[in-house]
Amino acid sequence: MKQLTDNLNRLFAEFTKDAALQVENGNKAAGTRARKASLAIEKALKEFRKKSIELSK
């Protein structure tokens with residue numbers, strides 16, 4: 001679980017940085033990276049949910 005949360009924190013940081021670059025500077029490449037990070041976040045959150053449910057049983 002610790003590894004999953006650490007990975008999620010890293011992904012959120014990457015997403016936040018790239019999304020800000022896109023919004024503030026109009027950086028299209030950063031927008032692409034932010035969208036890619038959002039997909040990775042979605043996948044990691046699903047994995048977190050799955051592990052969390054297993055641990056609560």
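Along the sequence shown, residues carry numbers from 1. Because the structure is predicted, anything quoted here is derived from the model rather than measured.
- Annotation for A19 and A34: closest pair N-CB, 3.8 Å, computed over non-hydrogen atoms.
- Sorted by first and then second residue, the side chain to side chain donor-acceptor pair (under 3.5 Å) pairs involving residues 16-34 (not counting sequence neighbours) are D18-R33, T32-R35.
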Could you list the donor-acceptor pairs under 3.5 angstrom formed between side-chain atoms of residues 4-14 and any protein atom two or more places apart in sequence or on another chain?
from : atom 1 : to  : atom 2 : distance (Å)
T5   : OG1    : M1  : O      : 3.3
T5   : OG1    : K2  : O      : 2.9
D6   : OD1    : K2  : NZ     : 3.2
N7   : OD1    : R10 : NH2    : 2.5
N9   : ND2    : T5  : O      : 3.2
R10  : NH1    : E14 : OE2    : 2.8

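- Under the 4.5 Å side-chain heavy-atom criterion for grouping Ile, Leu, Val, Met, Phe, Trp and Tyr, V23 is not connected to F15 through any hydrophobic cluster.
- Each side chain to side chain donor-acceptor pair (under 3.5 Å) pair with one or both residues in residues 48-57, not counting sequence neighbours, would appear here, but there are none.
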